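Here the structure is laid out as structure tokens; the discussion comes afterwards.
The figures here come from the full heavy-atom set of this structure, side chains too, leaving out hydrogens, waters and symmetry mates. A note on names: the letters A, B, ... follow the listed sequences, proteins ahead of strands, and every chain is numbered from 1. What you are looking at is a predicted structure, and each value in this text was computed from that prediction instead of being measured.
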Amino acid sequence: MATNFANQVWKITKQIPKGKVVTYGQIAKKFQISNFKFQIDPRMIGWMLHANRDPKIPCHRVVDRNGRVADNYSFGGWEEQVRRLKSEGIKFIDEMHVDLKKYQWSKF
DNA sequence: AAAGTGACGCATT
DNA sequence: TAATGCGCCACTT
């Protein structure tokens with residue numbers, strides 16, 4: 001940990017505004033247009049967050065491209081992730097899907 | 001030091 | 001429309 005790559009992931013994740021979400025693909029894409037010469041896979045993004053499970057990082061604001069939360073969420077399962085998102089004002093289409101049209105952070 | 005593992009995404013079948 | 005396969009690289013053991 002504390003690799004350059006991990007730091008970037010965390011940095012980006014921390015920048016996600018409250019009440020917004022981003023997809024793994026978005027983050028991966030950002031690496032492509034950034035300094036990174038490597039081709040970054042969406043998998044690695046989630047992998048980093050899961051492997052490090054740092055409480056300081058709002059990883060509940062990261063969902064997949066369908067707006068679905070991670071079923072293997074580290075801090076108490078996906079229901080905990082849903083609970084956190086709801087407490088930020090995010091509404092859910094169904095039990096596990098957020099409304100990406102409304103809440104996706106498109107600042108990238 | 002090497003191998004296994006993985007919160008995804010896209011193209012193809 | 002749903003299911004399957006592959007790509008890709010850091011992290012853990």
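Per the geometry, NE2 belonging to A/His50 stands 6 Å off P belonging to B/dA7, to the nearest Å. Going from atom CZ of A/Arg65 over to atom P of B/dA7 covers 17 Å, rounded to whole Å. One can place CD of A/Gln32 at 12 Å from C1' of C/dG7, the figure rounded to the nearest angstrom. Following rounding to the nearest Å, A/Arg68 (CZ) and B/dG9 (C1') show an atom-to-atom distance of 14 Å. We find that CE of A/Met44 is positioned 6 Å from C1' of C/dA10, with the value rounded to whole Å. For the pair A/Met48 CE and C/dC9 P, the interatomic distance rounds to 14 Å; values are reported in whole Å. The distance between atom CG of A/Asp41 and atom P of B/dG6, rounded to the nearest whole Å, is 16 Å. For the pair A/Tyr24 OH and C/dA10 C1', the interatomic distance rounds to 16 Å; values are reported in whole Å.
Each of A/Val22, A/Ile27, A/Ile12 was scored for a side-chain contact (heavy atoms from CB on, under 4.5 Å) with A/Ile45, with one residue passing: A/Ile27.
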Q) Yes or no on side-chain hydrogen bond (donor to acceptor under 3.5 Å, both in side chains) for A/Glu80 and A/His60, after CA distance, side-chain angles and deciding distance? A) CA-CA 9 Å; A/Glu80 172 65 15; A/His60 56 280; over 6 Å; no

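With C/dC11, B/dA7, B/dG9 as the choices, the nucleotide that has an atom nearest any side-chain atom of A/Thr23 turns out to be B/dG9. Listed nucleotides B/dC8, B/dA7, C/dA10 differ in distance to A/Phe5; the shortest reach to its side chain belongs to C/dA10.
Relative to the six-membered ring of A/Tyr73, A/Arg84 misses at least one condition, a distance below 6.0 Å or an angle of at most 45° to the axis.
One cannot find a donor-acceptor pair under 3.5 Å joining the base of B/dG9 and the side-chain atoms of A/Arg43.
Under a hydrophobic-cluster definition in which Ile, Leu, Val, Met, Phe, Trp and Tyr are linked whenever side-chain heavy atoms come within less than 4.5 Å, directly or via other members, A/Trp105 and A/Val62 are assigned to the same cluster.
Within 4.0 Å of A/Asp64, counting heavy atoms only, lie sugar-phosphate atoms of the nucleic acid but no base atom.
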